[in-house]
Amino acid sequence: MFKANMKQLIVRTSVVVGLAGAASVATSQSADASVDMNKVNAAEKNQNQAQSETTSESNTASQEQSTSTTVRFGDRNETVREVQAKLGIPADGIFGPQTEKEVREFQANNGLAADGIVGPATKKALDNGGQVASASEESTTSNETASNNFK
């Protein structure tokens, strides 16, 4: 009987100690969890502001690209749509294989560097119904654009 009482006493003591330890841990965790919400709110505001600035910069870059005078394979914008319309092909605004082929043909037929890139000289020739400004201007612009892509 003494052994049975001793076992019960040990088990009860273990349970009580365990519960006391858990309460101690819970108390210390809640004490550590006290946070200055003003700092949290300020940090969230700064993060949101940074995200807004990044989005704004991204939108500006997209707008600059779409108003660019140079368009090439893979571009998707209004300038591509205008070029396609002037070439007499479906104007979906996507510079794909058909557009590149038509641009190369137009350039070759008009004495321009047939690189498939619509730079200032090709754009000007398209605007003038096939009248070329200067082939060297287009070639130089295409080379500059290509070198800028590797920077």
Side-chain angles (χ1 to χ4, degrees), residues 11 13-151:
V11 169
T13 305
S14 296
V15 169
V16 170
V17 169
L19 290 175
S24 173
V25 169
T27 304
S28 69
Q29 284 180 348
S30 65
D32 291 341
S34 64
V35 176
D36 184 354
M37 287 308 291
N38 290 330
K39 289 182 181 179
V40 170
N41 291 338
E44 286 177 353
K45 183 178 177 182
N46 288 340
Q47 184 178 11
N48 290 339
Q49 200 169 26
Q51 286 174 343
S52 292
E53 288 172 5
T54 302
T55 302
S56 175
E57 289 170 6
S58 175
N59 289 342
T60 302
S62 295
Q63 288 171 351
E64 288 172 2
Q65 180 184 4
S66 68
T67 59
S68 166
T69 57
T70 302
V71 290
R72 65 178 46 88
F73 188 84
D75 286 349
R76 295 170 172 249
N77 56 47
E78 190 59 35
T79 305
V80 174
R81 189 181 308 276
E82 292 168 11
V83 167
Q84 290 169 326
K86 289 177 183 173
L87 289 170
I89 60 175
D92 61 1
I94 302 169
F95 200 123
Q98 181 185 4
T99 304
E100 184 179 41
K101 176 182 169 274
E102 294 293 331
V103 167
R104 285 182 189 274
E105 286 179 17
F106 176 84
Q107 290 169 326
N109 292 336
N110 290 282
L112 297 165
D115 58 4
I117 298 171
V118 180
T122 300
K123 183 117 170 62
K124 190 169 187 177
L126 282 165
D127 291 344
N128 294 331
Q131 307 259 326
V132 179
S134 89
S136 64
E137 177 184 335
E138 180 75 13
S139 179
T140 301
T141 304
S142 296
N143 291 338
E144 287 173 3
T145 304
S147 69
N148 286 338
N149 289 337
F150 294 105
K151 289 183 180 179

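Along the sequence shown, residues are numbered consecutively beginning with 1.
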Heavy-atom donor-acceptor pair, E102 side chain to Q84 backbone, under 3.5 Å: no
Say you draw a straight line from OG1 of T70 to CD1 of I117; how long is it, rounded to the nearest 0.5 Å? 8.0 Å
Quick one: does any side-chain atom of R81 pair with a main-chain N or O of A91 as donor and acceptor, under 3.5 Å? yes
Taking every non-hydrogen atom, the tightest pair across V71 and F95: O-CE1, 3.7 Å
Could you measure the distance from the CG atom of L112 to the NZ atom of K124? Nearest 0.5 Å is fine. 12.0 Å
Pairing residues for E82 by the salt bridge (charged side-chain N to carboxylate O under 4.0 Å, His left out) criterion, not counting sequence neighbours: K123
About how many Å separate OG1 of T99 and CZ of R104, when rounded to the nearest 0.5 Å? 12.5 Å
Donor-acceptor contact present, side-chain R76 to main-chain I94, <3.5 Å: no
